[in-house]
Protein chains: 2
Amino acid sequence: MTDSPGEDQVAEPVEAPRPGVSRRGLLGLALGAGAAGLAIGAGAGAATAAAVGRAQQAQDAASAYDFFGTHQAGITTPVQDHLHFASFDMMARTDREDLVSLLQDWSYAASRMTQGLDVSATGAIGGSPEAPPDDTGEAQGLAASGLTITFGFGPTLFENDEGDRYGIAAQRPPQLQKLPAFLGDDLDPEHSGGDLCIQACADDPQVAVHAIRNLSRIAFGRARLRWSQLGFGRTSRTTAAQSTPRNLFGFKDGTANILATDDAALDESVWVAASDDPSWMAGGSYLVARKIAMLIETWDRVRLTEQEAIVGRDKGAGAPLSGGDEFTEPDFDATAKDGTPAIPVTSHVRLAHPDANKGIQILRRGYNFVDGNNELGRLDAGLFFLSYQRSPEQFVTLQRSLSTDAMNEYIRHVGSGIWAVPAGAAEGSYVGAALFA
Amino acid sequence: MTDSPGEDQVAEPVEAPRPGVSRRGLLGLALGAGAAGLAIGAGAGAATAAAVGRAQQAQDAASAYDFFGTHQAGITTPVQDHLHFASFDMMARTDREDLVSLLQDWSYAASRMTQGLDVSATGAIGGSPEAPPDDTGEAQGLAASGLTITFGFGPTLFENDEGDRYGIAAQRPPQLQKLPAFLGDDLDPEHSGGDLCIQACADDPQVAVHAIRNLSRIAFGRARLRWSQLGFGRTSRTTAAQSTPRNLFGFKDGTANILATDDAALDESVWVAASDDPSWMAGGSYLVARKIAMLIETWDRVRLTEQEAIVGRDKGAGAPLSGGDEFTEPDFDATAKDGTPAIPVTSHVRLAHPDANKGIQILRRGYNFVDGNNELGRLDAGLFFLSYQRSPEQFVTLQRSLSTDAMNEYIRHVGSGIWAVPAGAAEGSYVGAALFA
């Protein structure tokens, strides 16, 4: 945001939304209409300020993604460089109306921030000088930076120890269950689960952090941050144009990911179909997050051939050990000179491959993380694994297949969560509206 | 690094350095000579592999900074976007030779990584397939990304409870003392101090993390990581071309920083002069690091006028409250309509200004950080403050002046450290050589 609003950021006069105060009804108002044309209908409201926004300084239009649409953004969107992921729990004594108003307020704020706008029309400096600003301000002057904000509903939102808090237990997807225990799980409950999740991805970490911070603030009194995770160095690619990045084991990661252009694979493996149960999840997906600690100091002492045997690919080019280049399909029947499989039976690439899993695929969106170091002087580092799938069963099948993965000696799953990610919100509506219809 | 080395990355054959094994003598050998011409003399050594490097993919020459030079890089170098800072303690039963060899090995590795090369000539995939690779590999394919690696010596390196471990107590700069306690300090000893420090700054976080990880690995058996900190969103500018970024209070930060082009100010305030004591520090500087937790949820509830009164500048443009634009000098005599000072007497900008501190200036190089959240659901966020000064007394004076800073209500200093940062290494030598001469 700059000092004076540009012509194209001047919005219809709108009531200034205030954190902690429900913006019910506000969603019928006009939003600051940027290039993406966010205006979502007309409605009542007192005039206070013009919308101003960071979008003015965006380098190119491609760096801003629509929040509204058939599917939520941040799933097939080309993977951005940075992640701030946050899990929330609803607060005690909140009711259905609180939940709906929170989702409305979050949707409104997300629709603005993804366009490089402040969190509300009055924003960081446009409101009353005698009130706290609506927007915390650290993203002023920064472009939209490809920000996507993706919301999900955890199993406990539908039903927990206190019961059916929001009258939605009957709408719970039967497949939305806490994940089963897997071999090698060493889960920290404080870094697992959550009633709600928000995935913020952007090409500027400050933009992603600004989004989570402001959405947390908007949730005040209704939901509270349970755990959060920053990530950098995407470990997936979702377009053919993106080079394959490397994880902290030094290997290319995400070579065989589903591409955003592969509509058939997306329909088959990622998007919930209209015929799937429940119908309110049509166009949505299921998100699994796993915080995977890597024992990098141990890994770094493994000889190169052994590292490559564990992964099933060579470390330089990322080609399967059966030969070819990075994008050559692995030949699992190929043998080495000694007659053993060229791609070992305990290799990660073999066990995770669709051929070993009845054709199952998932859409991955992982990030590297480093969270300081432990008292032994070892970096607290690893992979924050995110995957989207049409049914959680896909992830469960793959993860079980990996129980004999030779890589398990060098990793620990320390955090876990699963969320139902509903379809995208229609303009003028909010994420999850179909659940409450 | 790519699969085949480019013509200009092919080095003289050199002995493969191995982590944990001293590379004494190796520093007389040829290094992989990139565009920057790193060759540092001739020497013996078995041929094993050609040097290959990430520099091939560097976008432009400006993104690689020389490691060798009059001053260490990373002080007046244009501030990069990302930081990985690490503090180390020497291990028990290490001697002077261990310390010297560590500094030699670190210098060698740093001279390569800053040019976009792997940590050694054999690197991530060029060594024996039956040995662990020298380089951990996650920066293969990435450009030098403006990486700078800056080394410092803490007070405890010269003398600690065990005495003068390395025979350098007599060379200790008299001014290199643990910082005095300041009002509002809430320091965590686990996140303070350290015998040695390394500041890695780069425009790609994976490149900065790769540097610290590999330098930690090289230190194996000699020094151990004590604490480390990732940062993003620089909160300083060191060139006139850099826009002033914002800290997590949403304000522009670093407007009045010393610029790298201001040689007079650098000589006066940053570089240790040849006439200063001790002489081995000539061309060096003193680094202070402060981890400053920001109580952002509390700050976010402060009204805009109050936020601006605390900072002394307006939030949008960053102009001093006495008027003008961001780069207008504050007029501390200006009064508001009610006759009170336009820039309040407890404002940060007034108390930190040279006018209030006998002309004292420091060179700042701060970064924002977010380290997850606490159990109350509040983001563990703040500013990782780094400053370089000719004498630690400059920082001490300024920090004492800030004891009446109205901002103190919203911040806590939770980590602290001070290090003597020696001059840059000459080609063929290593950082700190003058100390051991």
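Chain letters run A, B, ... following the sequence lines, proteins first, then strands; residues in each count from 1.
Residues meeting the side chain to side chain donor-acceptor pair (under 3.5 Å) test with B/Q206, sequence neighbours left out: A/N368. Looking at residues two or more places apart in sequence or on another chain, you find a side chain to side chain donor-acceptor pair (under 3.5 Å) between B/Q80 and B/T148, B/R365.
Residues of residues 369-376 of chain A that come within less than 4.5 angstrom of chain B, heavy atom to heavy atom, are A/V370, A/G372, A/N373, A/L376 in numerical order. Residues of residues 227-236 of chain B placed with any heavy atom under 4.5 Å of a heavy atom in chain A are listed by number as B/W227, B/S228, B/L230, B/F232, B/G233.
Using a 4.5 Å cut-off between heavy atoms, A/N247 contacts chain B through its backbone alone, with no side-chain atom that close. Looking at B/H84, the atoms closer than 4.5 Å to chain A (heavy atoms on both sides) all sit in the side chain, from C-beta outward. For A/H82, the part sitting under 4.5 Å from any heavy atom of chain B is the side chain, from C-beta outward, and nothing else. No part of B/D81 comes within reach of chain A, as not one of its non-hydrogen atoms sits under 4.5 angstrom from that chain. There is no contact between B/F88 and chain A, counting heavy-atom distances below 4.5 Å. Contacts between A/S216 and chain B at a heavy-atom distance below 4.5 Å are absent for every atom of the residue.
A donor-acceptor pair is defined here as one N or O able to donate and one able to accept, closer than 3.5 Å; no such pair exists between the side chain of A/R217 and the backbone of B/E297. Remark: side-chain polar atoms of A/T305 are paired, donor with acceptor, to backbone N or O of B/P129 under 3.5 angstrom. Proximity of a side-chain donor or acceptor of A/R226 to a complementary backbone N or O of B/G377 within less than 3.5 Å is not detected.
Between B/R246 and A/G137, the shortest heavy-atom distance links the atoms CD-O, 3.3 Å. Counting all heavy atoms, side chain and backbone alike, B/V302 lies closest to A/P133 at O-CD, 3.7 Å.
Contact check for A/K315 versus B/Q140: side-chain heavy atoms found under the 4.5 Å cut-off. Side chains of A/L379 and B/L225 form a contact here, defined as non-hydrogen atoms less than 4.5 Å apart.
Expressed to the nearest 0.5 Å, how far CG of B/D314 lies from CD1 of A/I125 amounts to 7.0 Å.
In this structure, A/E130 pairs ionically with B/R303, as a charged nitrogen and a carboxylate oxygen lie closer than 4.0 Å.
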Could you walk me through whether A/D300 and B/R213 satisfy the side-chain contact (heavy atoms from CB on, under 4.5 Å) test, starting with their C-alpha distance in whole Å, then the side-chain angles of each, then the deciding distance to 0.1 Å, before giving a yes or no?
CA-CA 10 Å; A/D300 288 345; B/R213 175 184 181 183; 2.8 Å; yes

